[in-house]
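First the structure, in the form of structure tokens, and then the observations on it.
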Amino acid sequence: MTGSASDAQGGAPPAPPAASAPGAPYDLLVVGAGAAGLAGAVTAAERGLSVALADSSEQTGGQYYRHPAPGLGANRPEALHHGWSAFADLRRRLAAGRVDHLAGHHVWSLVREADGTWSAHALTGPDGAADTPVRIRARALLLATGAYERHLPFPGWTLPGVVGAGGAQAMLKSGLVLPGRRVVVAGSGPLLLAVASSLAAAGARVPALVEAAGYLRYGRAPRVLAGNPRKAVEALLHTAALVRHRVPVRLGSAVTEVHGTDRVEAVTVARVDRAWRPVPGTGRRIACDALAVGHGLVPQIDLAVTVGCATRARPDGTLGLALDDHQESSVPGLWAAGETGGVGGAELARTEGELAGRAIAARILGDRAGAAAAGLRRRRDRLRAFADLMSAAHAPGPGWPEWLTDGTDVCRCEEVPAGTVRAAVSDLGARDARTVKLLTRAGMGWCQGRMCGTAVSCLAAAGATPEPPAERRPFAVPVPLATLAALDGPPPAGGPAEPSSRQGVPCRPDPAP
């Protein structure tokens, strides 16, 4: 996106957001300030809506456009990104002042009030530990909460030096640090190309990029590939970087074990068959001091699922929200954009965010013509088709649990090994992840199943096709008991008098003098 939404339609610049009474709800609350959230927020605001943009981070950009804090003095943060100009444009439009950016707001619950408005409860502060939790009220919601990494366990994966592939990229983008000097990159998915090339360009030695799935399945959909030439260009750029830095690429292989005492010292890489079962006798030990591993991303939809939004199964075995042609969910008044509907990259996220912003403005302003965006929908459909192809090409094979020994921890939070989960299935009759959780505590820890959900579901299926983890959690982030206790009293009627304080009102009214 290179211009404002009004420029795309060729019309006059829209009026600024209409003033509203102090304490009145926003027209729109956007949760998540990544590519999709930024696009949705600025598009809706430029059409006249009052918009709040809440995000847990202090900086905009989300995971994709993560960048160093100003204090680090990075001269060219754009060097680690594709499409930085699109983010710069969104950031410029946000700075125009039409959107209230609520940084450091960790939304943990959504509630539909009796009058039809939405209330979002949030913790505040960099880590959510500030003394004053808030409630943000809005007539409509746009969820752009992104995704988190999918992890498949293997012996040694809890050793220091094993990091997520996305985590390694985040360390580099935001902290300008490397996870190690000699870093193996492994797992499945196109993110690995970006991670390996970025680490190598930053000075790390990458002795191998290990991809379990390969790229042959892309060739089965030539029309989808032809419709997305930019994706091919991105892949060629990353491949050229790997060649330039002499990074060996091993397709159809996986890291099946990590070796070391106090930290990573080496990994075993073995060939895998089409079902991702290790091929006997093919293991090879590679010395390294870090492993960046990831097996794709999981849409972060827990806020939406909690309020009843319908989901649909993705080709890679994850769940995304079921959305209509205008990005609205099955719950009226709640829209979603970006990775919440299925992982597809920054360009797709920006496109869906703009589509949602237009649709929400048209709904609230009663302007059906304002939602017309045939070109955007065609772009969205084209990019979504590639996302589905990518999702299917890198889906984990059913044989990967053969990597696990009975002593391999599956649930890191509760230290539940694979043998305990297998016993719950074979001896106690567990047939789904929820039953395994009740019998073993796997998934009851701090992460609430985000790290182990996929693995537990696969082990519970005992060779059959596993059901995707439900992503149903009562709270999206850990919440102090004091915050829950503060909800016992009646909700406050509106916010303080200053218009800027519409960013949120305390969960409990001030006590009477």
Give, for atom [atom1] of [X] and atom [atom2] of [Y], the distance between the pair rounded to the nearest 0.5 Å.
X	Y	atom1	atom2	answer
Leu389	Asn228	CG	CG	9.0 Å
Gln327	Thr351	CD	OG1	9.5 Å
Ser50	Ile364	OG	CD1	7.5 Å
Trp335	Leu141	CH2	CG	9.0 Å
Gln63	Gln169	CD	CD	9.5 Å
His394	Leu297	NE2	CG	11.5 Å

After noting the C-alpha distance and the side-chain angles of Trp157 and Val293, does the key distance pass the side chain to side chain contact (heavy atoms under 4.5 Å, CB included) rule? CA-CA 9 Å; Trp157 76 305; Val293 60; over 6 Å; no
Would you say [X]'s side chain and [Y]'s backbone share a donor-acceptor pair under 3.5 angstrom?
X	Y	answer
Glu149	His295	no
His106	Gly128	yes
Arg382	Gly227	yes
Ser457	Pro466	no
Asp409	Arg412	no
Glu113	Trp118	no
Arg380	Asp325	yes
Thr43	Gly40	no
Lys173	Tyr64	yes
Ser329	Leu334	yes

So for atom CZ, which belongs to Arg472, do other residues, nucleotides or ligands contribute more than 12 heavy atoms lying within a distance under 6.0 Å? no
Is there side-chain contact between [X] and [Y], with heavy atoms separated by less than 4.5 Å?
X	Y	value
Cys309	Ile301	no
Leu143	Leu110	yes
Tyr65	Arg91	no
Phe87	Thr60	yes
Arg450	Arg473	yes
Phe475	Gln448	no
Leu459	Val436	no
Thr483	Trp108	yes

Assess the residue pair Arg112 and Val331 against the criterion (side chain to side chain contact (heavy atoms under 4.5 Å, CB included)); give the C-alpha distance rounded to whole Å, side-chain angles, the decisive distance to 0.1 Å, and a yes or no. CA-CA 10 Å; Arg112 192 69 176 266; Val331 175; 4.1 Å; yes
Pairing of Arg92 and Asp89 as salt bridge, 4.0 angstrom limit: yes
State plainly whether the residues Glu328 and Arg363 are in salt-bridge range, i.e. N to O under 4.0 Å. yes
Among Thr117, Asp27, Asp115, whose side chain to side chain donor-acceptor pair (under 3.5 Å) with Arg139 holds? Asp27
Provide the full list of salt bridge (Lys or Arg N to Asp or Glu O under 4.0 Å) pairs with a residue in residues 433-446, sequence neighbours left out, each pair given once. Glu414-Arg441
Return the minimal non-hydrogen interatomic distance between [X] and [Y], and the atom names on each side.
X	Y	result
Val416	Thr440	CG2-O, 3.4 Å
Leu178	Leu172	CD2-CD1, 4.1 Å
His105	Ile136	CD2-CD1, 4.0 Å
Ser330	Gly308	OG-O, 3.8 Å
Gly294	Ala165	N-CB, 3.9 Å
Ala442	Cys452	C-SG, 4.4 Å

Parallel under 30°, tilted from 30 to 60°, perpendicular over 60°: which one fits the rings of His67 and Trp84? perpendicular
Indicate the ring-plane relationship of Phe386 and Tyr218, choosing parallel, tilted or perpendicular according to the 30° and 60° boundaries. tilted
Decide yes or no on salt bridge (Lys or Arg N to Asp or Glu O under 4.0 Å) for Glu354 and Arg358, but give the supporting numbers first. CA-CA 6 Å; Glu354 183 173 351; Arg358 288 179 179 227; 3.3 Å; yes
Given salt bridge (Lys or Arg N to Asp or Glu O under 4.0 Å), test Arg384 with Glu352 step by step and report yes or no. CA-CA 10 Å; Arg384 180 55 69 188; Glu352 291 187 344; 2.9 Å; yes
Distance-only check: which donor-acceptor pairs under 3.5 Å involve side-chain atoms of residues 313-322, not counting sequence neighbours?
unit_1	atom_1	unit_2	atom_2	d
Arg314	NH1	Asp388	OD1	2.6
Arg314	NH2	Asp388	OD1	2.9
Asp316	OD1	Thr318	N	3.2
Asp316	OD1	Thr318	OG1	2.7
Asp316	OD1	Ser391	OG	3.3

Applying side chain to side chain contact (heavy atoms under 4.5 Å, CB included) to Leu355 and Arg377, what does each step give before you reach the verdict? CA-CA 7 Å; Leu355 270 171; Arg377 288 198 295 273; 3.6 Å; yes
Using side-chain hydrogen bond (donor to acceptor under 3.5 Å, both in side chains) as the criterion, list what pairs up with His238, not counting sequence neighbours. Ser197
